[in-house]
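Taking it in order: structure first as structure tokens, then the write-up.
It should be emphasised that the depicted structure is a prediction, and the values quoted were computed from it without experimental measurement. In what follows, chains carry the letters A, B, and so on, assigned in the order in which the sequence lines appear, proteins first and then strands, with residues in each chain numbered from 1.
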2 protein chains.
Amino acid sequence: MTEKQKAILDSALKLFASKGFDAVPTSAIAKEAGVSEGLIFRHFENKAGLLNALMQVGKEKLQEEMEALSQINKAEDKIVAIMEMPFHIDEEDYPFWRLVYSLKWQNEYYDDEMGKPMRDILIEALTELKYRDPEAEADLILAYLDGFATTVLLKGDIVDKDRLLQTLRKKYK
Amino acid sequence: MTEKQKAILDSALKLFASKGFDAVPTSAIAKEAGVSEGLIFRHFENKAGLLNALMQVGKEKLQEEMEALSQINKAEDKIVAIMEMPFHIDEEDYPFWRLVYSLKWQNEYYDDEMGKPMRDILIEALTELKYRDPEAEADLILAYLDGFATTVLLKGDIVDKDRLLQTLRKKYK
DNA sequence: ATTGTTAGTGAGTAATTGCTTACAAATATA
DNA sequence: TATATTTGTAAGCAATTACTCACTAACAAT
């Protein structure tokens, strides 16, 4: 991975995340990265290939996170850790998550598979805790999660993240 | 509002909602509506004007909903009604809300003002119920709301809406 | 040193984009 | 009925789009 490849990925992520995939021409990415437009296609084949490369990097990060999660042994702690995830997203990863969430709304790119491993972990933990309907309970938590993530990623500078998390913590006690 | 104007708006909403505003060319809208492309610009000036017209219609619908909400006099009922809103969205309005939520993720179109009146109503109700930090509590509920809406609009056919709502209802009792 | 491979450029390309314009048909107004 | 206004079309426009291609520069392997 050369410097220029990294520059292309960085610029693409930044632009895709703020304006949306379809609104960003490859010419703009090249300009932002200080690179000729042709180089994008040399390295990533086409515009969709760029997006794939971006998602690949992100998915690897996510997988690490999931493994860390599976280290937690108490079911309750596991659920809490999942619910608080959006509040602990590293700020440098905001662009990636903004991109993921924005793509969800476009039929063509919608990819549900990303959330599945988390759902499985949740169901397992909820079953262990003898919840009556672990699946519905898991889907409800995942819905919360989407909401928290949206709020953090979109209104992070308006809404007080810490105060929100504090209020949330009081709820499950 | 002529038949063809309505056809244009319908087609635009359908396409924008499923593919995203930037991914849909005016030519595709015209074709879907069975209309010449020029007519779009005659009636709506430009592509952004089309979007504005769409949002205008939607905002009027929303305003009606808000007035219905203010009719509820018990603060508790008001909060419950707000929290359950996403589960009671009329299915014919799904495209509109999908469009709204997809636009949130694009800097250029992001419009926060739409959620404000709801936040005010929430804060008022929570203050009446003597919550310690009504603002944070309101923001938390709004975060839930975003999550519920996302789930209903995006996974409405995968996740069992009614079962989810039932599970949610058990929580606040 | 020579050769092969990869990294990088810049000028193209055909197709598509949002939008305009000249004109015709329909409809309202007098 | 005559006239003005609105609704509609088809062709065309400059600009932009994703992508290609011929080429050079850098670097590695033999």
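- Following rounding to the nearest Å, B/Lys19 (NZ) and C/dT16 (P) show an atom-to-atom distance of 13 Å.
- Considering only side-chain N and O atoms, A/Thr2 lies under 4.0 angstrom from the phosphate OP1 or OP2 of C/dG8.
- B/Lys31 places its NZ atom 14 Å from the P atom of C/dG18, with the value rounded to the nearest Å.
- The residues B/Asp146 and B/Lys104 are annotated as salt-bridged, a charged nitrogen and a carboxylate oxygen being separated by less than 4.0 angstrom.
- Among residues at least two apart or in separate chains, there is no ring pair (Phe, Tyr, Trp, His ring centres under 6.0 Å) pair with a member in residues 46-83 of chain A.
- No side-chain donor-acceptor contact under 3.5 Å links A/Arg98 to the backbone of A/Ser18.
- Once rounded to the nearest 0.5 Å, the distance linking CE of A/Met66 with CE of A/Met85 reads 6.0 Å.
- Judged by distance alone, with hydrogens and angles left aside, the side-chain atoms of B/Lys47 form a donor-acceptor pair with the main-chain N or O of B/Phe21 at under 3.5 Å.
- A/Glu3 has a carboxylate O that lies under 4.0 Å from a charged side-chain N of A/Lys6, or vice versa, which qualifies the two as a salt bridge.
- Atom CD1 in B/Ile29 sits roughly 15 Å away from atom C1' in C/dT16 (whole-Å rounding).
- Between B/Gln5 and A/Pro25, the one whose closest nucleotide on DNA chain D sits nearer the 5' end is B/Gln5.
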For this session: Carefully, step by step, assess A/Gln106 and A/Asp22 under the rule side chain to side chain donor-acceptor pair (under 3.5 Å).
Result: CA-CA 10 Å; A/Gln106 283 165 262; A/Asp22 291 296; 2.6 Å; yes
So which protein N/O to nucleotides 9-13 of chain C N/O distances come out below 3.5 Å?
residue	atom	partner	partner atom	Å
C/dT9	OP1	A/Lys4	NZ	3.0
C/dT9	OP2	A/Ser36	N	3.0
C/dT9	OP2	A/Ser36	OG	3.1

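- Nucleotide C/dT17 holds its P atom 11 Å from the CZ atom of B/Phe41, rounded to whole Å.
- When the P atom of C/dT27 is taken as reference, atom CD of B/Glu3 falls 13 Å away, rounded to whole Å.
- Contact footprint of chain B on DNA chain D: nucleotides with an atom under 4.0 Å from a non-hydrogen protein atom, first to last in 5' to 3' order, D/dT7 to D/dT9.
- Between B/Lys74 and B/Glu128 there is no salt bridge, since no side-chain nitrogen of the basic residue lies less than 4.0 Å from a carboxylate oxygen of the acidic one.
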